[in-house]
Amino acid sequence: MSHDEDHITSTSEKLVRMANQIAAFFHSRPREEGVAGVAEHINKFWEPRMRRQFFEMLDNGTDGFDELVVVASARIKRPITPAEADLKLGIKVPPGDLAGAQK
């Protein structure tokens, strides 16, 4: 682990850093291939909790994210929320829990 990585403490900062590293790799490719590559990588290798937090962060603004990540986000699978998962299983969900899920 490099010295710089020791200073990254929050999960949010780590997600931004990882997403931007993926984008940095794909910047050398043609634009469309880069956008597709970022989205494909995140869809394949990031678990739903990571993608859920990623979208929560994007929903609050794109500060810190590489522009290629922001463009690719339209192709990244938005995971369902825990409340939506409960609904799919037939479990009653309080209306307040579902309201936040339907952004």
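Quick caveat, the model's predicted, so the values are computed rather than measured. Hydrogens, waters and symmetry mates play no part in the numbers below; they use all other heavy atoms, side chains included.
A side-chain donor from one of Gln53 and Ser12 sits under 3.5 Å from a side-chain acceptor of the other.
Taken to the nearest 0.5 Å, the CG atom of Asp86 stands 13.5 Å off from the NZ atom of Lys92. Put simply, OG1 on Thr81 and CG on Leu87 are 8.0 Å apart, with the number rounded to the nearest 0.5 Å. Atom CD of Glu13 is separated from atom CE of Met57 by 8.5 Å, given to the nearest 0.5 angstrom. With values rounded to the nearest 0.5 angstrom, Phe65 atom CZ is found 7.0 Å from Asn20 atom CG.
At least one side-chain heavy atom of Asn43 sits under 4.5 Å from a side-chain heavy atom of Arg51. Here the side chains of Ser73 and Phe54 are in contact, with some heavy-atom distance below 4.5 Å. Taking 4.5 Å as the limit, every side-chain heavy atom of Gln21 sits out of range of all side-chain heavy atoms of Val69. You'll find the side chain of Arg49 stays beyond 4.5 Å of the side chain of Pro82, heavy atoms only. By the 4.5 Å heavy-atom criterion applied to side chains, Thr62 and Glu67 are not counted as neighbours. Contact annotation: the side chain of Phe45 never approaches that of Met50 to less than 4.5 Å [non-hydrogen atoms, C-beta and beyond].
Using a distance-only test at 3.5 Å, with no hydrogens or angles considered, no donor-acceptor pair links the side chain of Arg75 to the main chain of Val35.
Salt-bridge check for Arg17 with Asp66: failed, with every basic side-chain N at 4.0 Å or more from each acidic carboxylate O. Between Glu40 and Lys77, none of the side-chain N atoms (NZ, or NE/NH1/NH2) sits under 4.0 Å from a carboxylate O, so this pair counts as no salt bridge.
The hydrophobic clustering, which links ILVMFWY residues whose side-chain heavy atoms are closer than 4.5 Å, places Phe25 and Trp46 together.
In terms of heavy atoms, Pro79 sits closest to Pro48 at CG-O, 3.3 Å. Between Ile76 and Phe55, the shortest heavy-atom contact is O-CZ, 3.4 Å.
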